[in-house]
Amino acid sequence: MLRVVLAEDSVLLRAGLVELLTRSGHEVIAAVGDAAALARAVDEQPPDIVITDVRMPPGFRDEGLKAALELRARHERLPVLVLSQYVATAYATQLLSGDGREAAGLGYLLKDRVGEVSEFLDALQRVAHGQTVIDPEVVRVLLVQQTASQPLRQLTPREREVLALMAEGLNNQLIARRLTVTEASVVKHSSNIFMKLNLGPSDGNRRVLAVLAHLRGESA
């Protein structure tokens, strides 16, 4: 069971998420409709994870995202799952653009993903347990944008596929299953990715750092 603080300005979606989370065995300790209320709720009773919309009152720009980043600064390693109506790669990059060692426990999903209940709940659990999860559609757009950048253009097509699945938060076993290859093959491709992105064994969570490099289109 996860203790969740939920921030979503749409009353209907907020109620739907509360119902979904509760029926799945989680506890929603606060469900609010704006960024200020989100900050107060987390400061008063820190949860296991925050789920927040990007755009919320009063400006409907990136208030939810900013609140999440500020809360992460005050509550070390607070897991945050951000929901967005549209593919806005700048938001995903901003969310994950800090030090890779501190980027664990972050997720960026499109709201449409909520309709895929099992995928949404799986992403929630993975983010709560410190993984980085990016919506597959956001990954697809990022790959199109970044394939000509350094050092990503050094990667082979298969290595880019592996990196994209890393960004979705999949482990080696799940990547192997998705690509219909052996786990040993995934390990080999991952090692090549780390080498080409100049990520050595001492670089902490290399998977997260590789994802950050993938998002930014630059060397970590």
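Side chains included, hydrogens not; waters and symmetry mates left out as well; all remaining heavy atoms used.
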Asker: Salt-bridge test for E161 and R158: reply yes if a basic N is under 4.0 Å from a carboxylate O, no otherwise.
Answerer: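 Yes.
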Asker: Any idea which heavy atoms bring E159 and Q154 closest together, and the distance?
Answerer: OE1-O, 4.4 Å
Asker: Any chance you could lay out the side-chain contact (heavy atoms from CB on, under 4.5 Å) test for R178 and I175, step after step, and finish with the verdict?
Answerer: CA-CA 5 Å; R178 183 78 66 87; I175 292 173; 5.7 Å; no
Asker: For a 4.5 angstrom cut-off between non-hydrogen side-chain atoms, does V186 reach L165?
Answerer: no
Asker: Please examine the side chains of V4 and L17, heavy atoms only from C-beta on, and report whether any two atoms are closer than 4.5 Å.
Answerer: no
Asker: Using side-chain heavy atoms (C-beta onward) and a distance below 4.5 Å, is S190 in contact with V162?
Answerer: yes
Asker: Considering all heavy atoms of both residues, which atom of A123 and which atom of L109 are nearest to each other, and what is their separation?
Answerer: CB-CD1, 3.8 Å
Asker: Between L163 and I193, which heavy-atom pair has the shortest distance, and what is it?
Answerer: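 For L163 and I193, the tightest heavy-atom pair comes out as N-CD1, 3.9 Å.
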Asker: Measuring from atom CZ of F120 to atom CG of L21, what distance do you get when rounded to the nearest 0.5 angstrom?
Answerer: 5.5 Å
Asker: Between the side chain of R55 and the main-chain N/O of D9, is any donor-acceptor distance below 3.5 Å?
Answerer: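 No, the answer is negative, given that no donor and acceptor are paired below the 3.5 Å cut-off.
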Asker: Step by step, would you call T156 with N192 a side-chain contact (heavy atoms from CB on, under 4.5 Å)?
Answerer: CA-CA 10 Å; T156 66; N192 289 338; over 6 Å; no
Asker: I'd like to know if L81 and V117 are part of one continuous hydrophobic network [Ile/Leu/Val/Met/Phe/Trp/Tyr, side-chain heavy atoms within less than 4.5 Å].
Answerer: yes
Asker: What's the shortest heavy-atom distance between A31 and V28, and which atoms?
Answerer: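 In this case the closest contact between A31 and V28 is CB-CG1, 4.1 Å.
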Asker: Tell me, do L2 and Q125 make a side-chain contact under 4.5 Å, heavy atoms counted?
Answerer: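 Side chain of L2 against side chain of Q125, heavy atoms only: contact under 4.5 Å found.
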Asker: Determine whether a donor-acceptor pair (N or O, by modelled atom type, separation under 3.5 Å) exists between the side chain of R72 and the backbone of L78.
Answerer: yes
Asker: For K111, does the NZ atom sit with more than 12 other heavy atoms under 6.0 Å from it, leaving out its own atoms?
Answerer: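 Correct, the count exceeds 12.
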Asker: Would you name the heavy atoms of M56 and E63 that are closest together and state the gap between them?
Answerer: O-OE1, 2.9 Å
Asker: Would you say F194 and V187 are hydrophobically clustered, going by side-chain heavy atoms of ILVMFWY under 4.5 Å?
Answerer: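 F194 does not cluster with V187.
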Asker: Which heavy atom in L38 sits nearest to a heavy atom in A67, and how many Å separate them?
Answerer: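 Closest heavy-atom pair between L38 and A67: CD2-CB, 3.9 Å.
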Asker: Report the distance from atom CG of L65 to atom OG1 of T52, rounding to the nearest 0.5 Å.
Answerer: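 So the gap between those two atoms works out to 8.0 Å.
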Asker: Flag the pair L124 / H26 as yes when at least one side-chain heavy-atom distance between them is below 4.5 Å, and no otherwise.
Answerer: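 In contact.
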Asker: Starting at NZ of K188, measure out to CG of N172 and round the result to the nearest 0.5 Å.
Answerer: 14.5 Å
Asker: How long is the gap from CG on L170 to CD on Q131, to the nearest 0.5 Å?
Answerer: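 Rounded to the nearest 0.5 Å, the CG-CD separation comes out at 9.0 Å.
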Asker: As an exercise, state the distance from CD1 of I134 to CE of M166, rounded to the nearest 0.5 Å.
Answerer: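 I134 atom CD1 to M166 atom CE measures 13.5 Å (nearest 0.5 Å).
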Asker: Kindly determine whether V127 and I49 satisfy side-chain contact (heavy atoms from CB on, under 4.5 Å), including the steps that lead there.
Answerer: CA-CA 8 Å; V127 171; I49 189 169; 3.8 Å; yes
Asker: Atom CG in L6, atom CG in L20: separation rounded to 0.5 Å?
Answerer: 10.5 Å
Asker: Is it true that, when you exclude R74 itself, more than 12 heavy atoms of the residues, nucleotides or ligands shown sit nearer than 6.0 Å to its CZ?
Answerer: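 Count over threshold, so yes.
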